[in-house]
Amino acid sequence: MMAKTLYDKLWDAHVVREEKNGTCLLYIDRHLLHEVTSPQAFEGLRLAGRKPWRQTANLATPDHNVPTTSRDMSAAGPISRTQVETLDNNCAEFGITEFKLEDIRQGIVHVIGPEQGATLPGMTVVCGDSHTSTHGAFAALAHGIGTSEIEHVLATQCLIQKKSKTMQIIVDGPVSSGTTAKDIILAIIGKIGTAGGTGYAIEFAGQGITDLSMEGRMSLCNMTIEAGARAGFVAVDEKTLAYVKDRPYAPSGDLWEQAVENWRTLHSDKGAKFDKTITLDGTDIQPQVTWGTSPEMVVPVSGKIPELTEATSALQAESWQHALDYMGLQSGMPIQDIALDKVFIGSCTNSRIEDLRAAAEVLKGEKVAANIKLAMVVPGSGLVKRQAESEGLDQLFIAAGFEWRQPGCSMCLAMNPDRLEPGERCASTSNRNFEGRQGQGGRTHLVSPAMAAAAAITGHFVDVRELS
Amino acid sequence: MNKFESFTGLVCPLDRANVDTDAIIPKQFLKSTQRSGFGPNLFDEWRYLDHGEPGMDNHLRPTNPRFVLNDPRYEDADILLARENFGCGSSREHAPWALLDYGFKVLIAPSFADIFYNNCFKNGILPITLPTEQIDQLFELATNDAALELSINLTTQTIQQDEQTHWSFDIDLFRKHCLLEGLDDIDLTLQHVDDIKAYEKKRTQQAPWLFTQNH
């Protein structure tokens with residue numbers, strides 16, 4: 001039998017039917033929903049008189065719009081409140097389980113899926129959010145979809161799809177201590193560019209990847225979309241199984257044994273062919289900092305902002321200049337000279353318990369620098385928040401001068417009141433440094449949680465490995 | 001969805017690579033629960049000089065004269081010419097909704113981001129990819145003083161400026177068929193209800209843990 005890639009296995013197991021031209025109807029096992037991209041899909045169902053195909057395949061929670069200072073939706077304004085209420089009403093009307101705002105299980109949709117065991121190895125997972133690639137950490141085929149496709153999945157439990165090309169990214173390890181999953185994925189994006197993965201499904205492999213915890217693998221797969229690929233994934237190993245076991249939605253007893261037997265096959269076969277393979281030496285990867293307005297504009301913390309002459313084309317030089325103007329920076333400037341106004345630790349990339357522990361470790365006995373106007377931590381879910389509090393991390397953050405908030409997407413995309421003011425510069429553990437992403441005129445630098453914490457106490461970027 | 005008809009339209013050149021969906025329609029406008037009405041806020045942060053919020057009277061807002069959509073030459077454009085990786089970032093379908101609501105029916109670029117590309121077809125927008133050299137040529141033509149008009153024919157997969165000047169493009173045949181016929185994906189899929197049920201039956205035996213709610 002021909003050697004299969006992990007992607008082939010995931011794909012083949014979900015094909016409902018295939019047309020002659022290769023267009024497939026692909027079955028969807030898990031559909032996650034939130035308040036921002038779903039209302040028009042539910043409205044479409046209602047207008048057509050349709051019902052969800054399989055209610056229990058769906059799980060919803062409000063996250064994008066919600067305030068983080070309290071659980072009172074009126075704090076986020078009347079339009080946001082309407083959107084959250086619309087989700088509540090739609091879930092009630094169509095019989096879909098929702099973790100509402102006051103539920104301790106509420107949180108960022110890509111944090112709660114794995115946390116609940118609602119994301120399982122071998123599943124197809126979709127959500128109206130591009131960071132659905134996160135769930136690929138569990139050897140699931142997971143990607144973001146638009147609102148028309150949300151309606152399609154609700155109505156048919158399927159998507160019309162064509163198979164992607166396959167790319168394998170090998171990170172030889174071990175990576176140095178102080179280098180995190182966030183640094184690995186930023187280095188990958190720096191190497192292949194934000195369109196490098198367009199049209200591909202990416203499998204991550206190598207010791208640099210398998211050494212990562214499940215939280216690390218989620219951070220890695222989360223930003224696959226920033227490399228242009230809708231889906232990224234990692235093969236199943238003992239860490240995957242240990243993470244999933246005993247989660248509320250995970251199978252138990254005989255079903256668990258049966259599932260595990262199947263899940264152990266979720267890896268690329270020896271000799272499987274990829275359309276493209278890229279290898280990075282993990283030992284070379286240092287903590288990363290983005291300097292521009294695209295995640296590919298990234299350098300190691302010890303580096304400098306590139307000179308325009310280093311650009312590979314006139315168009316790239318022009319876009320670098322545009323980014324520098326927006327960011328208020330000059331080419332050739334050392335990254336460590338960049339002073340900051342705000343620090344944000346949170347988002348579907350970096351708001352899990354391991355992320356908070358890593359940041360707290362750096363902050364022990366330290367204070368936020370005088371030039372930092374606001375430093376905030378937004379846990380990824382109510383359960384992450386409770387876990388962190390039981391470990392005393394909240395007190396550590398507060399003692400250092402951070403604000404300890406309620407779960408939500410918060411300043412990653414600034415749909416709620418958490419945002420940058422024009423010109424403000426932020427060290428952020430989120431995933432996009434686009435113009436205006438964290439607030440109109442705001443300037444975002446993407447970093448790992450440990451690097452964000454280090455920047456908070458020094459007031460500028462610094463190599464977290466060099467802090468005593 | 002309306003059928004995609006051949007037409008002749010005006011080209012607006014947006015000369016920037018990696019235009020993301022946050023730029024196409026900023027987050028504050030995603031709070032709407034409707035599919036329409038996003039056009040006045042398309043490229044809001046580039047198009048206006050003040051900060052836009054839902055509910056503002058956009059006619060009263062100061063516009064940025066340096067932004068291409070505000071150039072009188074490109075008023076009423078229905079074809080957007082763009083650079084590589086157009087539509088990257090967030091999966092928000094509000095981006096194609098905003099482009100369509102503004103009046104863009106065709107987008108031409110060297111490459112598009114995957115999710116955005118897919119979302120366009122669900123809304124009757126035709127995204128055309130052309131090689132970079134041809135895109136450069138079109139930018140040159142579109143930024144001349146005289147406005148560039150192009151005829152778009154999906155049936156023949158051609159773009160025509162005049163008798164002598166034309167380009168052809170590739171497109172997935174299934175997607176082409178759906179656009180030309182204005183087909184609804186859900187209706188198409190529901191023609192295969194028996195296949196979906198048969199798959200579920202088989203899958204329930206192979207992977208029963210996927211069909212039990214264990215919580």
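Treat the numbers as computed from the prediction; the structure is a model and nothing was measured. To find a chain, count down the sequence lines: A is the first, B the second, and so on, and within it residues start at 1. Scope of the values below: all heavy atoms of this structure, side chains included, with no hydrogens, waters or symmetry mates.
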Legend entry - Polar contact flag, side-chain donor to acceptor under 3.5 angstrom, B/T33-A/E43: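 No, no side-chain donor-acceptor pair sits under 3.5 Å.
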Legend entry - Any side-chain donor near an acceptor of the partner, B/W97 and A/Q40, under 3.5 Å: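 Distance-only check fails for B/W97 and A/Q40.
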Inset, instruction - I would like to know whether A/W53 and B/V193 meet side-chain contact (heavy atoms from CB on, under 4.5 Å); could you show each step before the answer? - result: CA-CA 10 Å; A/W53 180 277; B/V193 163; 4.0 Å; yes
Inset, instruction - Could you tell me which of A/R54, A/Q157, A/E318 has the largest number of non-hydrogen atom pairs under 4.5 Å with chain B? - result: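 The answer is A/R54.
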Inset, instruction - Output the option from A/T37, A/N262, A/I150, A/T82 having the highest count of non-hydrogen pairs under 4.5 Å with chain B. - result: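 Option with the greatest count: A/N262.
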Legend entry - For chain A, which residues of residues 170-177 of chain B have heavy atoms nearer than 4.5 angstrom: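 Counting heavy atoms that sit under 4.5 Å from chain A, the residues of residues 170-177 of chain B involved are B/D172, B/F174.
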Legend entry - A/E296/B/N18 under side-chain contact (heavy atoms from CB on, under 4.5 Å): CA gap, chis, key distance, verdict: CA-CA 11 Å; A/E296 69 185 20; B/N18 298 312; 3.8 Å; yes
Which atom pair, heavy atoms only, marks the closest approach of [X] to [Y]?
| X | Y | answer |
| --- | --- | --- |
| A/E149 | B/N118 | OE2-ND2, 2.6 Å |
| B/G52 | A/Q440 | N-OE1, 4.3 Å |
| A/D29 | B/R203 | OD2-NH2, 4.5 Å |

Legend entry - Salt-bridge present (A/E151, B/K122; N to O < 4.0 Å):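 Not counted as a salt bridge, because no side-chain N and carboxylate O are separated by less than 4.0 Å.
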At a heavy-atom separation under 4.5 Å, does [X] approach chain B through its side chain, its backbone, both, or neither?
| X | answer |
| --- | --- |
| A/A118 | neither |
| A/R437 | both |
| A/A13 | both |
| A/H14 | both |
| A/Q438 | backbone |
| A/T23 | side chain |
| A/S319 | neither |

Do [X] and [Y] touch side chain to side chain, with heavy atoms closer than 4.5 Å?
| X | Y | value |
| --- | --- | --- |
| B/N119 | A/T147 | no |
| B/T212 | A/P251 | no |
| A/S148 | B/R35 | yes |

Legend entry - A/L25 vs B/D195, side-chain contact (heavy atoms from CB on, under 4.5 Å): CA-CA, chis, key distance, verdict: CA-CA 9 Å; A/L25 207 53; B/D195 290 333; 5.7 Å; no
Inset, instruction - Mind running salt bridge (charged side-chain N to carboxylate O under 4.0 Å, His left out) on B/D114 and A/K162 for me, showing each step along the way? - result: CA-CA 12 Å; B/D114 284 343; A/K162 254 191 168 172; over 6 Å; no
Inset, instruction - Side chain from CB out, backbone as N, CA, C, O: work out which of these in B/D185 comes under 4.5 Å of a heavy atom of chain A, or both, or neither. - result: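 For B/D185, heavy atoms of backbone and side chain both lie under 4.5 Å from chain A.
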Inset, instruction - Name the region of B/Q34, side chain, backbone, both or neither, that has any atom closer than 4.5 Å to a heavy atom of chain A. - result: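 When you check distances to chain A, only backbone atoms of B/Q34 fall under 4.5 Å.
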Legend entry - Trace of the side-chain contact (heavy atoms from CB on, under 4.5 Å) decision for B/I186 with A/R50: CA-CA 10 Å; B/I186 298 178; A/R50 293 181 176 127; 3.3 Å; yes
Inset, instruction - Classify the angle between the aromatic ring planes of A/W263 and B/W209 as parallel (below 30°), tilted (30 to 60°) or perpendicular (above 60°). - result: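 Perpendicular: the ring planes of A/W263 and B/W209 meet at over 60°.
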Legend entry - Any donor-acceptor pair under 3.5 Å from A/Q83 side chain to B/L30 backbone: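 Side chain of A/Q83 to backbone of B/L30, a donor-acceptor pair under 3.5 Å: yes, one is there.
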Inset, instruction - Please confirm whether the backbone N or O of A/G436 pairs with a side-chain atom of B/K27, one donor and one acceptor, at under 3.5 Å? - result: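 Between the backbone of A/G436 and the side chain of B/K27 there is a qualifying donor-acceptor contact (under 3.5 Å).
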Inset, instruction - Let me know which of A/I225, A/I145, A/T132 forms a side-chain contact (heavy atoms from CB on, under 4.5 Å) with B/I115. - result: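 Result: among A/I225, A/I145, A/T132, A/I225 is the only option passing the side-chain contact (heavy atoms from CB on, under 4.5 Å) with B/I115.
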Legend entry - From CG (A/N416) to CD (B/Q28), nearest 0.5 Å: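 Between A/N416 CG and B/Q28 CD, I get 12.5 Å after rounding to 0.5 Å.
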Taking every non-hydrogen pair under 4.5 Å, which of [options] racks up the most with chain A?
| options | value |
| --- | --- |
| B/K202, B/R83, B/E84, B/H192 | B/H192 |
| B/S32, B/A207, B/P54 | B/S32 |
| B/H51, B/Q206, B/E45 | B/E45 |

Legend entry - Neighbour count above 12 (heavy atom, 6.0 Å) for B/D57 CG: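 It does: B/D57 CG has more than 12 such atoms within range.
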Legend entry - Atom CG of B/N2: over 12 foreign heavy atoms under 6.0 Å: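 No, CG of B/N2 has 12 or fewer neighbouring heavy atoms, counting only those of other groups under 6.0 Å.
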